[in-house]
Amino acid sequence: MVFYRGVSLLSKLRSRAVQQTNLSNSVRWLQVQTSSGLDLRSELQELIPEQQDRLKKLKSEHGKVQLGNITVDMVLGGMRGMTGLLWETSLLDPDEGIRFRGLSIYECQKVLPAAKPGGEPLPEGLLWLLLTGKVPSKEQVDSLSQELRSRATVPDHVYKTIDALPVTAHPMTQFATGVMALQVQSEFQKAYEKGIHKSKLWEPTYEDSMSLIAQVPLVAAYVYRRMYKNGNTIPKDDSLDYGANFAHMLGFSSSDMHELMKLYVTIHSDHEGGNVSAHTGHLVASALSDPYLSFAAALNGLAGPLHGLANQEVLLWIKSVVEECGENISKEQLKDYAWKTLKSGKVVPGFGHGVLRKTDPRYTCQREFALKHLPEDPLFQLVAKLYEVFLQFLQNLAKLNPWPNVDAHSGVLLNYYGLTEARYYTVLFGVSRALGICSQLIWDRALGLPLERPKSVTMEWLENHCKKA
């Protein structure tokens, strides 16, 4: 363990050296990408015409440029590797991980405003960055926080709709149902029915998106308190920021838990457009469905065990290791248990990723949070040991991607602070994902992106095509 931490420290130092260089380059760029206005909508009104012209120029001058060849493997493999979506808010690199508007997670932690010195970035700051491409000031973030607080009201019918479900229904079922119930207030639907011009569609989309982002923590907290705390709800606290208030409504008063929730919401907010939840939200919205309908659809994709439900599965798997082998499990025992899981035809949840080919930076920043706040926690130490086991013993197995993703760590942190109900974890993911999906949806409308309609073929068509080729 000491050797592992020593190697990890050296790797971290090398990584930080590179990141510091990248950060200084980014900061030079960001000096241009700043503004003084406090109103987010006004910022967008200034930015949108420029980006609309940029898109028109790109299409007219380079519309026929090929981005790659489509292979049969791609068609049969879930379109993996196909470049086929415009997603402005973030970009995922197989080696570097996610970048939000060009900034890595580490850079975001350094330049986005925090609630306290040295604290985690405020999710409101990331929302401003995703929408504008500009790093906000603390005053701008405070203004946005106030706007979100003013929108954070949920009609009674939403809670009644959730209450119509069995209390035993999965938390994601209850959460998605609540979001659907919010849809009756959609400003986009009202504007479209009145005949709004297509150039103005982004404006009611903005209204719906900002209200949705403000409301989902209340709906999510209601589901949690209904299921696990006998329905004893906790009202919002308007003195708290977005992440801290969410933790407060769930029932957690620890300042460290409030910091963790800020980190959690920030790093889970967006992961470019090809993942199931983001793509689903974009696809449904391309039919001009309003943000509530689009986000509810995205949540249903997120609820799948191969996507957002994986964070639930990770903690359950780790706890199964402890139940069978005890907390002081050796690396050899852990390797055997992981190998038994793999041989049974299952995966070890939290390892591997559809795009990433290195350790997920979202995993790394959570690990650093754990090293700072809970280094002696037995489950954290088991997760660290599992990381070592995968890299040392299992990475040479055919078709096995040994690198941990974001889900490998989040459950252990939440469990440490008392949020032990693993079935609920995907709801937290859903609250976070609202920031990214809604930000991109506003830009979808502003740029006038069309209905998504890829071509499908049959196996017979593929066989005949390949014979001719």
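These numbers come from a predicted model, not from an experiment.
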Verify the distance criterion only: is there a donor paired with an acceptor across the side chains of Trp202 and Asp444 at less than 3.5 Å? no

Do Phe429 and Leu299 have side chains that approach each other closer than 4.5 Å (heavy atoms only, starting at C-beta)? no

Could you label the plane-to-plane angle of the Tyr159 and Tyr222 rings as parallel, tilted or perpendicular, counting under 30° as parallel and over 60° as perpendicular? tilted

For Gln440 and Glu88, does a side-chain donor sit closer than 3.5 Å to a side-chain acceptor? no

So CG of Leu428 and CG of Leu419: to nearest 0.5 Å the spacing works out to 6.0 Å

Using 4.0 Å as the upper bound for N to carboxylate O, is an ion pair formed by Asp241 and Lys262? yes

Does the side chain to side chain contact (heavy atoms under 4.5 Å, CB included) test come out yes or no for Leu122 and Ser145, once each step is laid out? CA-CA 9 Å; Leu122 289 161; Ser145 295; 5.7 Å; no

Backbone N/O of Asp93 and side chain of Glu96: donor-acceptor pair under 3.5 Å: no

If you measure from OG1 on Thr426 to NE2 on His268, what distance do you get to the nearest 0.5 Å? 9.5 Å

Which class fits the ring pair Tyr387 and Tyr363: parallel under 30°, tilted 30 to 60°, perpendicular over 60°? parallel

Heavy-atom pair of closest approach, residues Ser104 and Glu107: N-OE1, 2.9 Å

Donor-acceptor pairs under 3.5 Å, side chain of residues 230-237 to any protein atom, not counting sequence neighbours: which ones?
unit_1	atom_1	unit_2	atom_2	d
Asn232	ND2	Lys229	O	3.3
Lys236	NZ	Arg149	O	3.2
Lys236	NZ	Ala152	O	3.0
Asp237	OD1	Ser239	N	2.9
Asp237	OD1	Ser239	OG	2.6
Asp237	OD2	Ser239	OG	3.3

Derivation and outcome, side-chain hydrogen bond (donor to acceptor under 3.5 Å, both in side chains), residues Trp339 and Thr341: CA-CA 5 Å; Trp339 183 231; Thr341 300; over 6 Å; no

Taking atom types as modelled, find out whether Gln215 and Gln185 have a side-chain donor-acceptor pair closer than 3.5 angstrom. yes

Decide yes or no for Ile267 and Cys365: does some side-chain heavy atom of the first lie under 4.5 Å from some side-chain heavy atom of the second? yes

Under the side chain to side chain contact (heavy atoms under 4.5 Å, CB included) criterion, do Leu182 and Val219 qualify, and how do the steps go? CA-CA 10 Å; Leu182 286 169; Val219 176; 4.1 Å; yes

Is any side-chain heavy atom of Lys134 closer than 4.5 Å to a side-chain heavy atom of Glu43? yes

Apply side chain to side chain contact (heavy atoms under 4.5 Å, CB included) to the pair Tyr424 and Tyr228, showing each step before the final yes or no. CA-CA 10 Å; Tyr424 183 80; Tyr228 304 114; 4.0 Å; yes

Quick check: do Ile98 and Pro361 have side-chain heavy atoms less than 4.5 Å from each other? no

Close side-chain approach of Tyr416 to Leu379, heavy-atom, < 4.5 Å: no

Rounded distance [0.5 Å steps], CG in Asp336 versus NZ in Lys343: 8.5 Å

Quick one: closest heavy-atom pair of Ser289 and Ser294, and the distance? O-OG, 3.4 Å

Non-hydrogen side-chain atoms of Tyr425 and Val314 separated by less than 4.5 Å: no

Carboxylate-amine/guanidinium contact Glu147 Arg151, below 4.0 Å: yes

His157 backbone acceptor or donor facing Thr161 side chain under 3.5 Å: yes

When every non-hydrogen atom of Leu131 is compared with those of Arg101, the smallest separation belongs to O-NH2, 3.6 Å

Tell me whether Met180 at atom CE has more than 12 heavy atoms from other residues, nucleotides or ligands lying less than 6.0 Å away. no

Heavy-atom nearest pair, Tyr242 first then Ala214, reads CE1-CA, 4.4 Å

Donor-acceptor check, side chain of Thr132 to backbone of Trp128, threshold 3.5 angstrom: yes or no? yes

Does Asp73 pair with Arg80 as a salt bridge, N-O distance under 4.0 Å? no

Please check this pair: side chain of Glu324 against backbone of Val321, looking for a donor-acceptor N/O pair closer than 3.5 Å. no

Looking at residues at least two apart in the chain, or sitting in another chain, which of them share a side chain to side chain donor-acceptor pair (under 3.5 Å) with Arg433? Asn275, Ser277

So does Leu44 get a backbone contact from the side chain of Tyr206, meaning a donor-acceptor N/O pair under 3.5 Å? no

Checking the side chain of Arg226 only, and the main-chain atoms of Gln174 only, is there a donor and an acceptor separated by less than 3.5 Å? no

Start with the C-alpha distance between His282 and Leu449, add both sets of side-chain angles, then the distance that settles side chain to side chain contact (heavy atoms under 4.5 Å, CB included), and finish with yes or no. CA-CA 10 Å; His282 173 82; Leu449 298 188; 4.2 Å; yes

Distance in Å, Leu414 CG paired with Leu260 CG, rounded so as to fall on 0.5 Å steps: 5.5 Å

Taking the side chain as everything from C-beta on, heavy atoms only, tell me whether Leu374 gets closer than 4.5 Å to Gln381. no

Donor-acceptor contact present, side-chain Gln146 to main-chain Ser143, <3.5 Å: no

Between the main-chain N or O of Ala169 and the side-chain N or O of Thr173, is there a donor-acceptor pair closer than 3.5 Å? no

Please confirm whether the backbone N or O of Glu272 pairs with a side-chain atom of Ser90, one donor and one acceptor, at under 3.5 Å? yes

Does the structure place the NZ or CZ of Arg362 under 6.0 Å from the centre of the six-membered ring of Tyr264, at an angle of no more than 45° from the ring's axis? no

Has the side chain of Asp208 got a donor or acceptor atom that lies under 3.5 Å from a matching backbone atom of Pro291? no

Lys/Arg-Asp/Glu bridge criterion (N-O < 4.0 Å) met for Lys385, Glu388: no

Atom CG of Leu103 and atom CG of Leu91: how far apart are they, to the nearest 0.5 Å? 12.5 Å

Any heavy-atom pair between the side chains of Ile162 and Phe175 that's under 4.5 Å? no

Do you know which two heavy atoms are closest between Ala370 and His409, and how far apart they sit? CB-CE1, 3.9 Å

Side chains of Asn415 and Thr420 only: does a donor on one sit below 3.5 Å from an acceptor on the other? no

Ionic contact status for Lys138 with Glu124, cut-off 4.0 Å: no

Heavy-atom closest contact (Thr266 atom, Phe100 atom, distance): O-CZ, 3.8 Å

I'd like to know if the side chain of Ser320 pairs up with that of Tyr337 as donor and acceptor (distance under 3.5 Å, no hydrogens or angles considered). yes

Verdict with reasoning, His373 to Glu259, per side-chain hydrogen bond (donor to acceptor under 3.5 Å, both in side chains): CA-CA 11 Å; His373 295 285; Glu259 285 296 297; over 6 Å; no

What is the distance from atom CG of Leu250 to atom NE2 of His248, rounded to the nearest 0.5 Å? 10.0 Å

